[in-house]
Amino acid sequence: MKRNSMFKRILVIFPYSTVLSFDEQKEFQKMAFDFAAHEMSPHMAEWDEKEIFPVETMRKAAQLGFGGIYVQPEVGGSGLSRLDTSVIFEALSTGCVSTTAYISIHNMCNWMIDTFGNTEQREKFCPELCTMDKFASYCLTEPGSGSDAASLLTTAKLEGDHYILNGSKAFISGGGDTDVYIVMCRTGGKGPKGISCVVVEKDTPGLSFGKKEKKVGWNSQPTRAVILEDCHVPVTNRLGQEGQGFNIAMRGLNGGRINIASCSLGAAHACVQLARDHLLVRKQFGETLSNNQFLQFKLAEMATKLVASRLLLREAALALQESRSDAVSLCSMAKLFVTDECFNICNQALQMHGGYGYLKDYAVQQFVRDIRVHQILEGTNEVMRMIIARSLLSESG
């Protein structure tokens with residue numbers, strides 16, 4: 001009993017928030033853990049196997065304030081900090097990474113409208129996004145522009161009071177099932193300064209979708225191409241000014257990197273517990289695996305890397321919340337380190353399960369499949385290295 005309670009304390013440690021008190025933050029964390037345990041974890045395997053987009057479960061999460069965690073309260077959001085958000089996404093991901101990852105993308109889109117939209121846009125879109133009566137998707141990546149996002153080709157030509165959009169977006173989470181699409185498109189010349197951001201609503205003429213992609217993981221959220229063919233979007237749906245779109249996209253991604261790393265953290269958190277529990281009951285050579293010193297050391301390393309990942313991630317979240325000069329670098333470092341290390345933790349947990357870890361009856365394999373993509377999206381980890389190195393090399397003195 002002592003060992004378990006100490007283990008639990010190690011798993012939940014985090015720094016204090018500048019917005020919530022420690023006790024308030026703990027309460028939100030408990031709420032998220034409870035929701036993950038009772039509303040998500042029992043259905044995680046079924047959502048994965050049957051590729052179910054759990055709309056009603058996410059709307060229950062929204063009732064707890066998780067549809068607009070860092071959106072302002074005047075438009076229905078919870079108004080919490082980036083640090084609070086990281087704590088919540090870690091806890092939710094212990095119940096289902098794939099579903100939590102979509103909720104994190106939805107929150108990012110909601111925040112972008114809240115932050116860069118005018119009063120009319122915020123009042124039109126944010127309340128229904130906060131309740132998850134409507135869902136949002138982020139549309140930046142294209143078939144020919146992934147890491148090189150500034151080279152996107154989707155065009156938006158002004159005709160009267162509408163933009164005419166033509167192009168396609170690839171790998172869009174929620175595509176076809178969601179209601180609001182935050183689309184980065186080219187209103188000007190080449191490069192980042194020619195990009196603008198518009199909100200495209202479902203059922204807009206000219207908006208269509210590709211086939212539902214078959215994926216290794218993230219199966220509780222649909223992924224499709226978003227296709228724009230002479231798609232008429234009112235100028236009033238543009239966020240910010242023309243040419244501001246790339247900046248909006250990158251600002252969104254800084255937070256997205258914290259969010260997705262938090263989802264990796266939750267998976268690793270769950271897998272350390274699963275590995276520990278397996279070692280305590282599985283017997284080989286006449287004794288439980290928990291008596292094997294090699295596996296004891298491996299478990300110790302996993303828990304240490306988990307806590308190190310958590311502390312770096314929370315520091316990055318705090319830097320982003322405070323708009324510190326090192327925020328972009330720290331967000332990139334956190335995304336790189338946490339998604340790599342947490343994948344390794346989950347993979348090691350699977351190894352500790354032996355052949356059982358490779359069976360879909362055991363949750364550990366789904367955590368491995370679901371977080372592998374976190375090393376790719378929201379900026380690949382190779383791009384994170386570029387951002388970090390560029391920042392270091394540009395420092396004077």
Worksheet item: Do His269 side-chain atoms and Leu265 backbone N/O form a donor-acceptor pair below 3.5 Å?
Response: no

Discussion item. Between Glu39 and Thr57, is there a side-chain donor-acceptor contact under 3.5 Å, judged purely by atom types and distance?
Written reply: no

Discussion item. Please determine whether the number of non-hydrogen atoms from other residues, nucleotides or ligands lying under 6.0 Å from atom CD of Glu74 exceeds 12.
Written reply: yes

Worksheet item: To the nearest 0.5 Å, what is the distance between OG1 (Thr85) and CZ (Phe28)?
Response: 9.5 Å

Discussion item. Check Lys30 with Glu27, please: is the shortest side-chain N to carboxylate O separation under 4.0 Å?
Written reply: no

Discussion item. So that I can tick it off, tell me whether Arg257 and Glu378 are bridged by a salt bridge, with the cut-off set at under 4.0 angstrom between side-chain N and carboxylate O.
Written reply: no

Worksheet item: Is the NZ atom of Lys212 crowded by more than 12 outside heavy atoms at less than 6.0 Å?
Response: yes

Practice prompt. Spell out, yes or no, whether Phe53 and Val226 are grouped together once hydrophobic residues are joined by side-chain heavy atoms under 4.5 Å, including indirect joins.
Written response: no

Item to complete: Decide yes or no on side chain to side chain donor-acceptor pair (under 3.5 Å) for Asn259 and Ser262, but give the supporting numbers first.
Response: CA-CA 5 Å; Asn259 294 347; Ser262 299; 5.5 Å; no

Item to complete: Report yes or no: does Lys335 contribute a side-chain atom to a donor-acceptor pair with the main-chain N or O of Gly379 at less than 3.5 Å?
Response: yes

Fill in: Taking every non-hydrogen atom, the tightest pair across Gly266 and Thr94
O-CG2, 3.4 Å

Worksheet item: Is there a donor-acceptor contact under 3.5 Å linking the side chains of Lys305 and Asn344?
Response: no

Worksheet item: Could you walk me through whether Arg310 and Glu315 pass the salt bridge (charged side-chain N to carboxylate O under 4.0 Å, His left out) check?
Response: CA-CA 9 Å; Arg310 179 178 290 117; Glu315 177 65 17; over 6 Å; no

Fill in: Derivation and outcome, side chain to side chain contact (heavy atoms under 4.5 Å, CB included), residues Leu336 and Ile388
CA-CA 10 Å; Leu336 166 64; Ile388 296 162; 3.9 Å; yes

Worksheet item: Can any side-chain N or O of Glu159 pair as donor or acceptor with the backbone N or O of Ile164 at less than 3.5 Å?
Response: no

Discussion item. Working to the nearest 0.5 angstrom, can you tell me the gap between Thr187 OG1 and Leu165 CG?
Written reply: 10.0 Å

Discussion item. For the SG atom of Cys263 and the CZ atom of Phe89, what is their distance to the nearest 0.5 Å?
Written reply: 6.5 Å

Practice prompt. Step by step, work out the side chain to side chain donor-acceptor pair (under 3.5 Å) result for Asn381 and Thr339.
Written response: CA-CA 8 Å; Asn381 283 5; Thr339 59; 3.0 Å; yes

Discussion item. Can you tell me if Glu287 has over 12 outside heavy atoms packed within less than 6.0 Å of its CD?
Written reply: yes

Worksheet item: Got a second to check how far Asn166's CG is from Thr155's OG1, nearest 0.5 Å?
Response: 5.0 Å

Worksheet item: Under 6.0 Å from the CD atom of Glu49, do we count more than 12 heavy atoms belonging to anything else shown?
Response: no

Discussion item. Taking the ring centre of each residue, are Tyr138 and Tyr181 less than 6.0 Å apart?
Written reply: no

Item to complete: Could you go through the side chain to side chain donor-acceptor pair (under 3.5 Å) check for Asp326 and Ser329 one step at a time?
Response: CA-CA 5 Å; Asp326 60 349; Ser329 288; over 6 Å; no

Worksheet item: side chain to side chain donor-acceptor pair (under 3.5 Å) between Arg369 and Gln365: does it pass, once the steps are laid out?
Response: CA-CA 6 Å; Arg369 288 187 291 109; Gln365 53 75 34; 3.0 Å; yes

Worksheet entry | Side-chain ion pair, Arg82 and Glu322, N-O less than 4.0 Å | no

Discussion item. Pair Arg372, Asp340 - check salt bridge (charged side-chain N to carboxylate O under 4.0 Å, His left out), show working.
Written reply: CA-CA 9 Å; Arg372 178 58 184 87; Asp340 277 354; over 6 Å; no

Worksheet item: With a 3.5 Å cut-off and no angle check, do the side chains of Gln244 and Ser196 form a donor-acceptor pair?
Response: no

Worksheet item: Any salt bridge between Glu51 and Lys215, counting N to O under 4.0 Å?
Response: no

Worksheet item: Is the side chain of Asp179 donor-acceptor paired with the backbone N or O of Phe135 at a distance under 3.5 Å, no angle test?
Response: yes

Practice prompt. Could you tell me whether a side-chain N or O of Ser332 sits under 3.5 Å from a main-chain N or O of Val328, the two making a donor and an acceptor?
Written response: yes

Item to complete: Verify, without hydrogens or angle tests, whether Ser21 (side chain) and Glu24 (backbone) share a donor-acceptor contact under 3.5 angstrom.
Response: yes

Worksheet entry | Between Ser86 and Arg314: side-chain donor-acceptor atoms closer than 3.5 Å | yes

Worksheet item: With distance as the sole test, does Arg186 use its side chain to make a donor-acceptor pair with the main-chain N or O of Gly189 at under 3.5 Å?
Response: yes

Worksheet item: Under a 4.0 Å N-O cut-off, is there an ion pair linking Lys193 with Glu242?
Response: no

Practice prompt. For the residue pair Ser104 and Asn107, confirm or rule out a side-chain donor-acceptor distance under 3.5 Å.
Written response: no

Discussion item. Looking only at the side chains, is there a donor atom on one of Asp133 and Thr131 sitting less than 3.5 Å from an acceptor on the other?
Written reply: yes

Worksheet item: Mind checking whether Phe116 and Trp111 have side chains closer than 4.5 Å, heavy atoms only?
Response: yes

Worksheet, complete the sentence: Between His374 and Trp218 the two heavy atoms that sit nearest each other are NE2-NE1, 3.2 Å

Item to complete: Determine, for Tyr163 and Arg238, whether the Lys NZ or Arg CZ falls below 6.0 Å from the six-membered ring centre while staying within 45 degrees of the axis.
Response: no

Practice prompt. List the atom of Phe209, the atom of Gly175, and the distance in Å for their closest heavy-atom pair.
Written response: CD2-C, 4.1 Å

Worksheet item: Between Thr115 and Met112, is there a donor-acceptor pair closer than 3.5 Å when you use the side chain of the first and the backbone of the second?
Response: no

Fill in: Ring centres under 6.0 angstrom apart (His106, Phe66)
no

Worksheet item: What is the distance from atom NZ of Lys202 to atom OG of Ser137, rounded to the nearest 0.5 Å?
Response: 9.5 Å

Discussion item. Looking at Thr304 and Ala300, would you say the former's side chain and the latter's main chain have a donor-acceptor pair under 3.5 Å?
Written reply: yes

Worksheet item: Which value, rounded to the nearest 0.5 Å, describes the distance between Lys190 atom NZ and Leu153 atom CG?
Response: 9.5 Å

Item to complete: Determine whether more than 12 heavy atoms belonging to other residues, nucleotides or ligands lie under 6.0 Å from atom CD of Glu301.
Response: yes

Worksheet entry | Salt bridge present between Asp177 and Lys134 (N-O < 4.0 angstrom) | no

Worksheet item: Any donor-acceptor pair under 3.5 Å linking the side chain of Gln121 with the backbone of Asn118?
Response: yes

Practice prompt. Find out whether Arg224 and Phe171 are in side-chain contact, i.e. whether some heavy atom of one side chain is under 4.5 Å from a heavy atom of the other.
Written response: no

Worksheet item: If you measure only the distance, is there a donor-acceptor pair under 3.5 Å linking the side chains of Asp84 and Gln25?
Response: yes

Worksheet item: Ser220 and Thr99: which non-hydrogen atoms are nearest, and at how many Å?
Response: OG-OG1, 2.9 Å

Discussion item. With salt bridge (charged side-chain N to carboxylate O under 4.0 Å, His left out) as the criterion, how do Glu120 and Arg122 come out once you've worked through the C-alpha distance, each side chain's angles and the decisive distance to 0.1 Å?
Written reply: CA-CA 6 Å; Glu120 182 180 347; Arg122 294 174 69 231; over 6 Å; no

Worksheet item: So Tyr356 and Tyr362, would you call those rings parallel, tilted or perpendicular, with 30° and 60° as cut-offs?
Response: tilted

Response to the item:
Minimal heavy-atom distance between Phe125 and Asn237, with the atoms involved, is CZ-ND2, 4.2 Å

Worksheet item: Looking only at heavy atoms, which two atoms of His162 and Val235 are closest? And how far apart?
Response: N-CG2, 3.7 Å

